[in-house]
Structure formats: C-alpha cells, structure tokens
Amino acid sequence: MATTVEWMAHVCLTLACAPPGTSLQAAALAEFHGLPKPYLTKQLQALVKSGILRSAPGVRGGFSLARPSSEITLMDVVVAVEGPADLFQCTAIRKNGVVAAAAPGSGDLPCIVQLEMKKAEMAWRKALASQTLENLAERLEQGAPQVVTMTREWIRAI
C-alpha cells in the first residue's frame, strides 16, 4: 500500500479534529504534516474527486471534509488513493512449471492462495470500513487530548 494512504488518512483526521467549518490550504496541511506540497496537492484533489473532501478557491478557501466525519471511513480513504481494485492480483503461477506440465488441467482448479488472500482482504476491508474519521478523532481525543488541542490551536493561529 502506498505511503500516500497514510498521508491522506492523517490529513483527513486533521480535518476531522479541526473546529467546525474549518478549511485548510494545501500549504498549511503540508506544513502541519511535514509533507511536500506539490504531491500533497495532487492527492488532495483525488480526495475531492472521490467526494471525501471539498475545495474552495481563494485566500479564504482550502480543503474541508465534504461529509460529516461520521460518514467517512478509512476504507473510503484507501479506495480514493489506491483505487477499488483488489490488493492481491493472482497471476495464475500454478498454471506454469513442473506441476502444470505433470498434471495438465490442475491449473483449472481454484487457486487456494488466491482464495485465502481474498478472504483476508475482505476482513481487512470490513475492518477499515467500520472505522470512521469520527471514531478515530474520538479515540485520539481520549488517548492523546494534547494532540487534538495542539492541532486546534495551530489551526486557529494560521
């Protein structure tokens, strides 16, 4: 999974922790997280296109959550960054090599590796789909309230 998923999850969590009605410029989000602005801006646009963020032009514009944080899941962020394709791509290696030559037709059987990878990925997707930005923000507030306080103070100061 691309590092970008981590970046975008943190950016979205920052916006979920921000005071209501807050929009942040790409430059501010890049500074806050120590990320390169040009690449971050490109990824922010992917989140806008997917309906996770909205953007407003101008000096007072910026990026904000397009929906309530209770309606945006970690899986939404992953799909916005990585796309909807399965992470594991079976290349049917079982149809090559010694076994395939010795037992023609054995490659027509279901691939047990693919089946298990698919099962694991479905569990992973389900777990991420059950975690909203609101859930994460609440857990952060409980576990590290100073981080949320510092985030809000930094946002108010910019």
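Nothing fancy with the numbering, it's 1 onward along the sequence.
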**Request:** Determine whether Trp124 and Lys119 make a side-chain contact, defined as any pair of heavy atoms from C-beta on separated by less than 4.5 Å.
**Result:** no
**Item:** pair Leu47-Phe63: side-chain heavy atoms closer than 4.5 Å
**Value:** no
**Request:** Can you see which heavy atom on Ser50 is nearest to which on Arg67, and at what distance?
**Result:** O-NH1, 4.4 Å
**Prompt:** How many angstroms lie between atom CG of Leu53 and atom CD of Gln45, to the nearest 0.5 angstrom?
**Reply:** 9.0 Å
**Message:** Are Met117 and Leu128 connected into the same hydrophobic cluster when the rule is that any two of I, L, V, M, F, W, Y join if their side-chain heavy atoms are below 4.5 Å apart?
**Reply:** no
**Worked verdict on Glu141 versus Arg152 for salt bridge (Lys or Arg N to Asp or Glu O under 4.0 Å)** = CA-CA 12 Å; Glu141 183 98 51; Arg152 290 178 180 152; 3.6 Å; yes
**Request:** Please lay out, stage by stage, how Thr132 and Glu71 fare under the test side chain to side chain contact (heavy atoms under 4.5 Å, CB included).
**Result:** CA-CA 7 Å; Thr132 66; Glu71 296 177 14; over 6 Å; no
**Prompt:** Going through the distances and angles, do Leu136 and Leu74 end up as a side chain to side chain contact (heavy atoms under 4.5 Å, CB included)?
**Reply:** CA-CA 9 Å; Leu136 295 177; Leu74 282 177; 3.7 Å; yes
**Asked** What distance separates Asn135 CG from Ile72 CD1, expressed to the nearest 0.5 Å?
**Response** 12.0 Å
**Item:** Heavy-atom pair with the smallest gap, counting every atom of Ala9 and Val77
**Value:** N-CG1, 3.8 Å
**Prompt:** If two hydrophobic side chains count as joined below 4.5 Å and joins carry through other members, does Leu115 share a cluster with Phe88?
**Reply:** no
**Item:** SG-CD distance between Cys111 and Glu116, expressed to the nearest 0.5 angstrom
**Value:** 10.0 Å
**Message:** Measuring from atom CG of Leu133 to atom CG of Leu140, what distance do you get when rounded to the nearest 0.5 angstrom?
**Reply:** 11.5 Å
**Asked** Val98 and Ile112: same hydrophobic cluster, using ILVMFWY side-chain contacts below 4.5 Å?
**Response** no
**Message:** On a heavy-atom basis, which atom in Ile52 and which in Ala80 lie closest, and how many Å separate them?
**Reply:** CD1-CB, 3.8 Å
**Asked** Does the side chain of Ser55 come within less than 4.5 Å of Leu44's, by heavy atoms?
**Response** no
**Message:** To the nearest 0.5 Å, what is the distance between CD on Gln131 and CZ on Arg139?
**Reply:** 5.5 Å
**Asked** Would you say the side chain of Phe32 lies within less than 4.5 Å of the side chain of His10, judging by non-hydrogen atoms?
**Response** no
**Message:** Give me the atom names and distance for the closest heavy-atom approach of Leu40 to Met8.
**Reply:** CD1-CE, 3.0 Å
**Asked** Does a side-chain heavy-atom distance below 4.5 Å link Val113 with Ile93?
**Response** no
**Item:** Minimum side-chain heavy-atom gap Glu134-Pro68 below 4.5 Å
**Value:** no
**Item:** Main-chain N/O of Gly61 paired with Gln25 side-chain donor or acceptor, under 3.5 Å
**Value:** yes
**Item:** Nearest heavy-atom neighbours spanning Ala129 and Thr73
**Value:** O-CG2, 3.1 Å
**Request:** Flag the pair Arg60 / Ser23 as yes when at least one side-chain heavy-atom distance between them is below 4.5 Å, and no otherwise.
**Result:** no
**Complete:** To the nearest 0.5 Å, atom SG of Cys12 lies from atom CH2 of Trp7 at 14.0 Å
**Prompt:** So, are Glu82 and Arg125 salt-bridged, with charged N and O less than 4.0 Å apart?
**Reply:** no
**Message:** Could you see if Val79 belongs to whatever hydrophobic cluster contains Leu87? Use Ile, Leu, Val, Met, Phe, Trp, Tyr and a side-chain cutoff under 4.5 Å.
**Reply:** yes
**Message:** Strictly distance-based, threshold 3.5 Å: is any side-chain N or O of Arg54 a donor or acceptor partner for the main-chain N or O of Val48?
**Reply:** no
**Complete:** Scanning both residues in full, the closest heavy-atom pair of Val148 with Cys17 reads CG2-SG, 4.2 Å
**Request:** Please check if Trp154 and Leu15 belong to a single hydrophobic cluster, counting links between Ile, Leu, Val, Met, Phe, Trp and Tyr side chain heavy atoms closer than 4.5 Å.
**Result:** yes
**Message:** Check this for me: Met122, atom CE, are more than 12 non-hydrogen atoms of other residues, nucleotides or ligands nearer than 6.0 Å?
**Reply:** no
**Message:** With a 3.5 Å distance limit and no angle check, can you tell me whether Thr151 reaches the backbone of Val147 through a side-chain donor-acceptor pair?
**Reply:** yes
